[in-house]
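All remarks here apply to the structure that follows.
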Protein chains: 2
Amino acid sequence: MSADERQGLGADQLAAYYTLMEVGSLLEQAVAQHLREDGDLSPVQAQILAVLGDTSEDGLRMTDIADRIVYSRSGFSYQAGKLEQRGLITRAPAADDERSTLLSLTAEGRDLLRRVRPGHVELVRMLVFEAMPDADVQALRNVLEPVRDRLRQDPPRSARAQARRNTRD
Amino acid sequence: MSADERQGLGADQLAAYYTLMEVGSLLEQAVAQHLREDGDLSPVQAQILAVLGDTSEDGLRMTDIADRIVYSRSGFSYQAGKLEQRGLITRAPAADDERSTLLSLTAEGRDLLRRVRPGHVELVRMLVFEAMPDADVQALRNVLEPVRDRLRQDPPRSARAQARRNTRD
DNA sequence: TATTGTTATACTCTATAACTATA
DNA sequence: TATAGTTATAGAGTATAACAATA
């Protein structure tokens with residue numbers, strides 16, 4: 001937090017971390033505002049629709065989607081209920097395993113996705129990529145994709161126990 | 001959202017955008033969990049404490065802090081109230097302008113900051129920087145700092161009107 | 001017994017607008 | 001009149017745990 005004492009991170013790393021977090025949060029806010037105003041969608045609802053729109057399957061199980069979106073199961077049910085109420089998705093028990101629920105886009109859901117996407121893409125282009133050279137786009141991917149893979153697999157469990165030992169000032 | 005039709009973004013840009021968002025959100029979740037478990041702090045509360053801990057001033061006005069943290073004023077009052085209840089900060093009217101409220105860290109607030117920081121830094125080091133070459137740290141800063149500056153100044157107002165014209169499929 | 005998902009409940013956070021007080 | 005901040009109120013989202021149904 002304060003910059004006057006550092007153990008594990010140098011000044012450059014700390015600056016990179018702050019910048020990364022600030023960009024992530026400002027960008028998420030801007031995108032969330034757009035999705036809400038343009039499609040009355042919360043970020044999670046938009047993610048669910050996007051995942052359903054990107055698959056070629058007939059439907060996806062809740063658990064399969066939850067694997068791609070970090071989220072509690074109850075919160076997921078709540079959001080899926082919202083989307084179903086609005087007629088954007090359907091919920092149906094899976095044929096092979098009746099415990100599972102298959103989510104599918106309705107025609108209206110697909111329409112909404114098509115209606116919102118251009119503005120979403122244009123917003124991101126303006127905010128992030130308008131002045132970014134192609135080489136920087138590549139650099140961003142090269143640097144962040146390994147971090148993403150690490151974060152995906154790493155439930156941040158062990159960190160605290162290990163870090164606490166450094167807490168003795 | 002779906003990748004089969006793109007107007008303003010190439011595949012690389014889209015991939016970079018998705019990766020950036022996912023890293024931001026996974027990292028924020030991990031950090032938020034740590035701050036909650038280790039210091040019972042919400043992300044915003046932690047940010048307020050961090051800003052207060054990083055300044056050399058006697059206290060900061062609400063508005064000065066809000067400038068560094070995107071947040072509504074009422075939400076800010078709510079969070080400041082929480083921190084004051086816990087004895088981590090004090091609120092006092094400013095001497096020169098009695099409309100303003102000066103926030104200051106108490107000794108307990110400073111202690112909490114010192115107690116939580118090592119684990120926070122260590123978590124970020126493990127999740128982000130352990131396997132990242134110094135050159136990549138530089139690259140990340142070079143690419144993202146201009147984006148951050150753009151996002152800071154850019155209230156995402158005009159995007160929708162401009163983007164809607166592309167919506168005619 | 002374990003897994004998938006839903007629901008009840010309580011809580012936190014956020015947004016809007018009305019309000020107080022100072023400038 | 002404009003600005004700084006608070007508060008009332010209402011709503012959205014989230015987490016936990018208890019629950020039902022299926023494997």
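Since the structure is predicted, the reported quantities are computational estimates derived from the model, not experimental observations. In what follows, every heavy atom counts, from backbone to side chain, and hydrogens, waters and symmetry copies are set aside. Here is how names work: the chains are called A, B, and so on, in the same order as the sequence lines, proteins then strands, and each is numbered from 1.
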(Q) For D:dG5 and B:R91 - does any side-chain N or O of the residue sit under 4.0 Å from the phosphate oxygens OP1/OP2? (A)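 Negative; the distance criterion is not met.
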Q: Name the residue closer to the 5' end of DNA chain C, choosing between A:G75 and B:G75 according to the nucleotide with the nearest heavy atom.
A: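 Taking each residue's closest nucleotide, the earlier one in sequence belongs to A:G75.
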Check the distance between [N]'s [atom2] and [X]'s [atom1] and give it to me in whole angstrom.
| X | N | atom1 | atom2 | result |
| --- | --- | --- | --- | --- |
| B:K82 | D:dT6 | NZ | P | 15 Å |
| A:Q85 | D:dG13 | CD | P | 12 Å |
| A:D96 | C:dT4 | CG | C1' | 12 Å |
| A:Q79 | D:dG13 | CD | P | 5 Å |
| A:D97 | D:dA20 | CG | C1' | 15 Å |
| B:R61 | C:dT22 | CZ | P | 16 Å |
| A:I48 | C:dG5 | CD1 | P | 12 Å |
| B:D40 | C:dC13 | CG | C1' | 14 Å |

Could you check whether [X] gets within reach of a base, just the sugar-phosphate, or nothing at all, counting any heavy atom under 4.0 Å?
| X | result |
| --- | --- |
| B:R36 | nothing |
| A:Y78 | base |
| B:T101 | sugar-phosphate |

Taking the side chain of [X] as heavy atoms from C-beta outward, which of [options] is closest to it?
| X | options | answer |
| --- | --- | --- |
| B:S74 | D:dA4, C:dT16, D:dT6 | C:dT16 |
| A:Q45 | C:dT4, D:dG13, D:dG5 | D:dG13 |
| B:E98 | D:dA4, C:dC13, C:dT22 | C:dT22 |
| A:S77 | D:dT22, C:dT22, C:dG5 | C:dG5 |

Q | Verdict with reasoning, A:E22 to B:R152, per salt bridge (Lys or Arg N to Asp or Glu O under 4.0 Å) | A | CA-CA 9 Å; A:E22 186 170 350; B:R152 273 185 181 167; 2.6 Å; yes
**Q.** Positive for side-chain hydrogen bond (donor to acceptor under 3.5 Å, both in side chains) with B:Y17, one of A:H120, A:R125, A:R141
**A.**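 Answer to the side-chain hydrogen bond (donor to acceptor under 3.5 Å, both in side chains) test with B:Y17 among A:H120, A:R125, A:R141: A:H120.
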Q: Report the residue (A:P43 or A:R73) whose heavy-atom-nearest nucleotide on DNA chain D is the more 5′ of the two.
A: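 In this pair, the answer is A:P43.
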Q.
Within the 3.5 Å criterion, strictly below it, is a donor on A:E37 or A:Q33 matched to an acceptor on the partner's side chain?
A.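 Yes, a side-chain donor-acceptor pair sits under 3.5 Å.
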**Q.** Side-chain donor-acceptor contact under 3.5 Å, A:S100 with A:R61
**A.**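 Yes, because at least one side-chain N or O of A:S100 sits under 3.5 Å from a partner of the opposite role on A:R61.
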Q: Ignoring hydrogens and angles, answer whether the base of D:dG5 and the side-chain atoms of B:R99 contain a donor-acceptor pair closer than 3.5 Å.
A: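 When only heavy-atom distances are counted, B:R99 does not reach the base of D:dG5 through any donor-acceptor pair under 3.5 Å.
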Q) Only one of A:T55, A:L88, A:L113 clears side chain to side chain contact (heavy atoms under 4.5 Å, CB included) with A:L105; which? A)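 Checked A:T55, A:L88, A:L113 against A:L105; only one passes side chain to side chain contact (heavy atoms under 4.5 Å, CB included): A:L113.
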